[in-house]
Amino acid sequence: YDVTEIEGADNLHDADGIIKEAQDKVADIYGAHESLFLVDGTTAEIQASIMAATSSGDENLGPVNVHRCAYPALSFSRLNPVYYVPETTDYGFIVTKEVVERLIKEHPNAKAMIIVSPDYYGNISSLNEIIPILKENNITTIIDQAHGAHLNFLPEKLDGINNGADFVVESTHKILGAPTQGSVLHLSKDVDSKRVKKYLAMLESSSPSYFLMSGIEEAVDEAQEKAQRIFGNIYKAHLALEQEQGNSDPIQLITPSGLYDRSKFLVSFPKDYDIRKDLVEKYRIIPELISSNLVLFMTGTGTSQRDLNRLIGAIKGINEDLKEQGYKPEEPFKIEQALKPFNKEEELYNVLGETGEFVPLENSKDRIALDFIVPYPPGIPVLIPGSKITDENIELIKELLDKNIIVNGLEQSDDTVLIEVRK
């Protein structure tokens, strides 16, 4: 599979042969005007979409839960980003009609808006209500649908393409069967695809992997054939677990109200219980995320009924053990509820790459952050370069560390947590 751009193999950045045929087929399957394969993951998709949709100085509406990969594009294009807080759900975020109308009123000159749907936890925004309003106001819609490449194949049609988005960014490697880094960017007829391709040629590898490209094509083919059945079974298993769950169960399945993708199994557990040990050692199940007292299990086109039975059996088994030990259900720690717009003191493009000094976190109030401070997963920054550090920021970072959540961008010196700030 590891060939290069030899005779007959086409060229990803100037496709007119077998790659173009495969991309056109995927566009037909998804209902997009044009679909482009990406081998550098969804990072390059989001960046190219932002850069192609805007020009220097434009206002770009971006949610505080946008992935960190969006920020370099905001900097490269010297944009004027507006960081907005979507509406919170039982867990996570959605963008509502009211949020969009408020943003348009406050920022009538905005050129583009990024919407994360579904979010990391499975919350889906009502795109059929949102996108027409944005179109009426000539605002380009970029849907970060990294975790929703399967939605197009389900009867509800809650995806960005079917609801008229301009750019739809999808990670076929996250929930479909493509190899890691295999992604697809879908474009509407209103998008200047030549401009998009220029940016992709700058951002992506000049030696694209044919293994990844063929993997994307095969993953979409498989999804077209099997996704509705596979995700139908997954959703049924999720609903069954919801209905069987008791209020006294220490392990609680969280199902946010509103539109929700039940391919995600999000559960809370008692804070002083080491769930990792039982899941991995006893039940041989490795989750997507263990953070504070929250666990996220992700499914996909490779998930079998046996996998679902094992997962549900493990949850029930752990609940029985914990009840005997006297454990009770506890509220999960919700990092999203603590996210706020950045206290921007300096434009990102003026600060990015600047070298500063490291100071103890507790002494950093009112200093200018010079690095992204990002809890992982899900990769949503709580501070970005150019933002002034507040007491709230310091307390949130301390809380994350106390809950053993990995926070990228900090340094450790003996027992002191350090943060890089402007000299």
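This chain uses plain numbering: 1 for the first residue, then up along the sequence.
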> Of Y260, Y120, Y121, which meets ring pair (Phe, Tyr, Trp, His ring centres under 6.0 Å) against Y91?
Replying inline: Y121
> Less than 4.0 Å between a side-chain N and a carboxylate O, is that true for K197 and D192?
Replying inline: no
>> Please confirm whether the ring centroid of F265 lies under 6.0 Å from the ring centroid of H238.
In response: yes
>> If we check salt bridge (charged side-chain N to carboxylate O under 4.0 Å, His left out) with K25, which of these qualifies: E218, E217, E34?
In response: E217
>> Cation-pi check for Y349 against R78: NZ or CZ below 6.0 Å from the six-membered ring centre and within 45 degrees of the axis, yes or no?
In response: yes
> Hey, are E347 and K344 close enough for a salt bridge, meaning a charged N less than 4.0 Å from a carboxylate O?
Replying inline: yes
> Taking all non-hydrogen atoms of both residues, which atom of A15 and which atom of Q23 are closest, and how far apart?
Replying inline: CB-NE2, 4.2 Å
> Are Y210 and Y1 close enough that their ring centers fall under 6.0 Å?
Replying inline: no
>> One thing to verify: whether K323 and D249 come together as a salt bridge, which I'm taking to mean a side-chain N less than 4.0 angstrom from a carboxylate O.
In response: yes
>> Taking CZ in R310 as the centre, count heavy atoms belonging to other residues, nucleotides or ligands within less than 6.0 Å. Is the count above 12?
In response: yes
>> What I want to find out is whether K97 reaches E129 closely enough, with some N-O distance under 4.0 Å, to be called a salt bridge.
In response: no
> Between E346 and R422, is there a salt bridge with N-O shorter than 4.0 Å?
Replying inline: yes
>> In terms of relative ring orientation, are Y83 and Y71 parallel, tilted or perpendicular, with 30° and 60° separating the classes?
In response: tilted
>> Would you say that more than 12 heavy atoms from the other residues, nucleotides or ligands in this model lie under 6.0 Å from the CD of E399, or not?
In response: yes
> Could R102 and E106 be called an ion pair, given the rule that one side-chain N must be under 4.0 Å from one carboxylate O?
Replying inline: yes
> Any side-chain heavy atom of I124 sitting closer than 4.5 Å to one from I94?
Replying inline: no
>> Tell me whether the rings of H186 and Y30 are parallel (<30°), tilted (30 to 60°) or perpendicular (>60°).
In response: tilted
